[in-house]
Every structure is written in C-alpha cells, then in structure tokens.
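Here it is: the structure, laid out below.
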Amino acid sequence: MEIRISKTKEDLAEAFSIFFKSLVEVSETANVAVSGGNSPRAIFDFLAEHFGDEIDWRKVNLYWVDERCVHPGNEESNYKMTNDHLLSKIEIPKDNIFRMRGEDNPEKEARRYSELLSKNLPQENEVPQFDLVVLGLGDDGHTASIFPESMELWDSEENCVVGTHPTSGQKRVTITGKVINHAKAVVFMVTGDGKADKVREITRHQGDYKDYPASHVNPDTPDFIWFLDESAASELD
Ligand code: 6PG
C-alpha cells in the first residue's frame, strides 16, 4: 500500500489524473470502475479539463463501483454525477459506458451487473478483474456501498449485491470485496479533515478499524494507492 499526500484537493486531482493517464497509456484496454459521492466531482472536473484531450478514451471501458437505486437523472445518481463532471466533457464512446441501472429493481440489477462483469471482464480465479477500481471513503469507514452495519456483504460470493444506506435506507447496487481485491490497481481518493480519523485508523490499523469495510480493501497488487489531501492525512504522523 502506498500513501500519496497532496497539499490541496486540486493537487490530488492532478496526481490522480497523471496516474490515470499513465495507466491508460500502458493498457490496450482499461476496464475501470469508479465510485460516486461528492469527492470525485472536482477531481473528475480537473481530469476532464486538463487531461481530457491527452487520454485515448476509446481504450477506457467505464463501470461503476456502486450506484444509488434512483433514476439516472436524479441528483443522487452516481451516473449523473460522473456524466455531469466527466463523461459530458470527454470523447468517450457511448458503447464504452456500462452504467448500473439505478432505476431498475435492485436485486435484478445486481444480478444483471454481476453477469455483465463476468461476461465483459477478464477473469482471475473466476473473479472479474478490473484494471482499476477507484474508491471513496465514507466518514463511517464504508467504501463502495458496503456499510459497517452490513459487513457480511463484503464477503459475498456474488460480484454485485444490494446494499442499504444505514440512515436513509436507500438501496444501492455495489460490487463486493472479492471484485475490489482482485483488481490490478486500486486507489482511494479521500479529501477533507472529516475523514482524517478514519484514514489514520484504517491505514495504521488502529481503533475499530476491523469494523470498517474500507479496512478490508487489501488487493494483491503493488498498485494500491491512497490519494489524500493534507486535510485527510492530517492525523498521520
Ligand atoms: C457513493 C460512493 C461512496 C463514497 C463515499 C464517500 O455512492 O456515495 O460510492 O462509497 O465513495 O461515501 O463519499 P463522499 O466522497 O461524498 O464523501
């Protein structure tokens, strides 16, 4: 595991964009899964605006780590966020975009996406293998849409399951621990001092870290990087 600390969120966006560009450059095809939430917004804006023309998006197949079970036009939709801040600004072929259908029945969509990943991605030990999985960190230590209250989902045999947000009850389709941990590269993108305690506990194996799904991200790859800004890293020595 590697920790890369950037001074500001914009510097983090640049560091991630350089990493992403180089990963695509060395790949024939880059199968990438992205997370949603708020953190990626400014990072996707930066990637599109400063690197959009430098990346051959025809090589990128874009998938999602998770999706809220809402219509794709809903402000809560991770697809909508990604489209607003990235897809609408880059030349990525429509056929390269594989969104989770948040508007469909959650269980049915989890099954469909599980099958899609098995069909579309190379398999390693019979598990679909992404070239890159981009994760966020919730301030409760969740990642993807696997929450501490439903840790059993992390070890599901399925590629995708239905998670439930512990306070809102919102259903979400999410990939599981085995898919995340089989990726060739996994990165966290974490900003803000609100996450600093969880970043410390998880990266330093302190406190209740074992209770956090994000602590179970442990891919067998040297390309496992925490991209942090100084605020999120403020409790690291
Ligand atoms: C989602 C994300 C989720 C996110 C964390 C951090 O659907 O919300 O996939 O895992 O990465 O909750 O979210 P913020 O970036 O908004 O803090």
Side-chain angles (χ1 to χ4, degrees), residues 6 8-10 12-13 16 32-47 62-87 98-103 106 109-110 113 117 130 132-151 153-154 156 159-177 179-181 183 186-199 201-203 211-217 225-229 231-234:
S6 301
T8 65
K9 186 167 188 174
E10 188 166 51
L12 183 158
F16 170 75
V32 179
V34 293
S35 290
N38 296 312
S39 303
R41 292 169 188 266
I43 297 164
F44 286 170
D45 284 337
F46 186 99
L47 176 64
L62 197 70
Y63 296 81
W64 273 261
V65 166
D66 60 347
E67 180 58 278
R68 290 82 178 276
C69 294
V70 294
H71 186 275
N74 185 305
E75 279 307 316
E76 280 277 295
S77 164
N78 287 338
Y79 168 77
K80 182 178 189 306
M81 183 278 289
T82 312
N83 190 49
D84 290 349
H85 294 275
L86 180 62
L87 304 183
F98 301 91
R99 74 176 180 89
M100 288 174 171
R101 296 177 54 83
E103 67 274 32
E109 179 56 11
Y113 214 75
L117 297 184
F130 282 107
L132 173 63
V133 170
V134 182
L135 298 172
L137 174 67
D139 49 18
D140 61 351
H142 82 261
T143 194
S145 279
I146 297 177
F147 297 88
E149 292 78 359
S150 45
M151 275 297 291
L153 294 179
W154 180 265
S156 169
N159 297 331
C160 297
V161 292
V162 177
T164 305
H165 192 284
T167 49
S168 70
Q170 186 185 60
K171 294 293 181 191
R172 300 180 171 191
V173 175
T174 180
I175 63 174
T176 54
V179 175
I180 292 169
N181 282 332
V186 178
V187 302
F188 275 102
M189 298 195 302
V190 189
T191 63
D193 51 19
K195 309 276 177 80
D197 64 333
K198 290 294 183 296
V199 166
E201 287 186 292
I202 293 166
T203 59
D211 297 341
Y212 312 141
S215 299
H216 297 260
V217 176
I225 304 167
W226 286 76
F227 286 95
L228 305 173
D229 66 4
S231 301
S234 56

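We number each residue from 1, following the sequence as shown. Please read these numbers as outputs of a predicted model, since none were measured by experiment. Order of listing sets the numbers, starting from 1, for every ligand and every atom in it.
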Problem - Tyr79: ring pair (Phe, Tyr, Trp, His ring centres under 6.0 Å) partners, not counting sequence neighbours - result: Trp64
Taking a 3.5 Å cut-off between nitrogen or oxygen atoms, can you list every pair linking ligand 1 to the protein, with distances?
from     : atom 1 : to     : atom 2 : distance (Å)
ligand 1 : 7 (O)  : Asp66  : OD2    : 3.1
ligand 1 : 7 (O)  : Arg68  : NE     : 2.9
ligand 1 : 7 (O)  : Asn78  : ND2    : 2.9
ligand 1 : 8 (O)  : Arg68  : NH2    : 2.7
ligand 1 : 9 (O)  : Gly36  : N      : 3.2
ligand 1 : 9 (O)  : Asp66  : OD1    : 2.7
ligand 1 : 9 (O)  : Asp66  : OD2    : 2.7
ligand 1 : 10 (O) : Ala144 : N      : 3.4
ligand 1 : 10 (O) : Ala144 : O      : 2.6
ligand 1 : 12 (O) : His142 : NE2    : 2.7
ligand 1 : 15 (O) : Asn38  : N      : 3.4
ligand 1 : 15 (O) : Ser39  : N      : 2.8
ligand 1 : 15 (O) : Ser39  : OG     : 2.5
ligand 1 : 16 (O) : Asn38  : N      : 2.7
ligand 1 : 16 (O) : Asn38  : ND2    : 3.4
ligand 1 : 17 (O) : Lys195 : NZ     : 2.7

Handout entry: By salt bridge (Lys or Arg N to Asp or Glu O under 4.0 Å) - contacts of Asp84 (at least two apart)
Key =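 Asp84: salt bridge (Lys or Arg N to Asp or Glu O under 4.0 Å) contacts with Lys80.
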Problem - Atom pair OH (Tyr63) and CD1 (Ile175), whose distance is rounded to the nearest 0.5 Å - result: 12.0 Å
Problem - Inter-residue atom distance Ile180.CD1 - Ile146.CD1, 0.5 Å rounding - result: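 Ile180 atom CD1 to Ile146 atom CD1 measures 6.0 Å (nearest 0.5 Å).
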Practice task
Identify, with sequence neighbours excluded, every residue that meets ring pair (Phe, Tyr, Trp, His ring centres under 6.0 Å) alongside Phe147.
Solution key: His142, His165
Handout entry: Side-chain heavy-atom pair Leu137, Trp226 within 4.5 angstrom cut-off
Key =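 Yes; the side chains approach each other to less than 4.5 Å.
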